[in-house]
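First comes the structure, then the notes that go with it.
As the structure lists them, so they are numbered: ligands from 1, and atoms in each ligand from 1. All values derive from a computational prediction rather than experimental measurement.
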Amino acid sequence: MNLLDGKKCADSLIAGIAKQVARHVDFGLRKPHMTVVLVGNHAPSESYVKSKVTTCTLSGFESNLIRLPETVTEKELLWLIQQINADASTDGVIVQLPLPKQINAQRVINAIAPEKDIDGFHPTNFGRMALGQKAFRPATAYGICKLLQFYQVPVAGKHCVVIGRSNIVGKPISIMLSNDFDIGNATVTLTHIETPRELLLDETRRADIVIVAVGIPGFVTPDMVKDGVTLIDVGINRLENGKLVGDVDFAAVAPKCEWITPVPGGVGRMTVAALMINTLMAYQNNFELA
Ligand code: NAP
């Protein structure tokens, strides 16, 4: 069993980004700038935002965090996004999800200027990604690809099963790994809550790569996978005892795996690193450096 160490990979990518930024700054340009919008006091969101802001500093970026109360209206949030879209000193913006019930998250995502959409959730970026065109790729899926690339895990020609079809993880990673990308050309099966259990087991048991993003602790058990599988655990679940676990029963499944991601220290770190790559790209696009 080998660990796909997201921290090691992310640290290496961020060191490379910081070097590029230093060169641009030496050349007389300003630093890249990320704006993060956080609505309310959702504890996991606080922790994700903190990690993004800290990683901006490590990458040599400027960042600012805009906090809004839980009671903010959709209209007020959309107005703020318009201001950020028009602000030439911000290269990329993240609106941390989830949003309170009174706000339609898709309407908010759609309001972000595609050229600042470093999460890669805007329909323009998602569509361009799906068509294989240059785009900001959804950060978690992009981070998974970067992790597979870093450890030179073979993907092309492999059979990959994705469990979970959310717009932010399952759907984009299934498209990216099946596309003709550097890390792609796999044969991908996308499964979801309506996938019959027997069919799910048939698929996962013959998969070379299993990617799970369902948000259920211990969902993947050893009987579901073959020996030598590569297992990517996207889940982040907080147990009652405070422990953070993924969607895989790690202790039981890891001995069967050729490669496996830990939680924490796996995909979560890569999501933040991918956001930094997207922000650098947004900045380089602004200065026509790419
Ligand atoms: P989500 O929007 O809740 O989607 C979960 C998906 O799992 C849905 O598509 C659902 O199917 C599917 N599902 C639920 N039960 C299933 C079952 N029994 N069999 C097959 N599919 C099933 O979740 P998400 O946003 O993708 O997040 C999933 C997990 O990843 C969460 O723990 C989240 O915290 C974590 N996450 C981590 C990162 C990171 O950076 N590491 C980033 C994002 C999310 P339906 O569509 O049919 O309902």
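Within 4.0 Å of ligand 1, the residues that place a heavy atom are Thr140, Ile163, Gly164, Arg165, Ser166, Ile168, Val169, His192, Ile193, Ala213, Val214, Gly215, Ile216, Phe219, Val234, Gly235, Ile236, Asn237, Val267, Gly268, Thr271, listed by chain and number.
Here CD of Glu46 is found 6.0 Å from CG of Asn41. Values are rounded to the nearest 0.5 Å.
Looking at Thr271, its side chain does come within 3.5 Å of a backbone N or O of Val267 through a donor-acceptor pair.
In Lys8, the NZ atom is not crowded: 12 or fewer heavy atoms of neighbouring residues, nucleotides or ligands sit closer than 6.0 Å. The environment of CD in Gln152 is sparse: at most 12 heavy-atom neighbours from other residues, nucleotides or ligands sit within 6.0 Å.
Shown are Thr55, Thr140, Asp119, Val36; of these, the side-chain contact (heavy atoms from CB on, under 4.5 Å) with Leu275 is made only by Asp119.
Criterion: ILVMFWY side-chain heavy atoms under 4.5 Å apart, direct or through other members. Under it, Trp259 and Met1 are not part of a common hydrophobic cluster.
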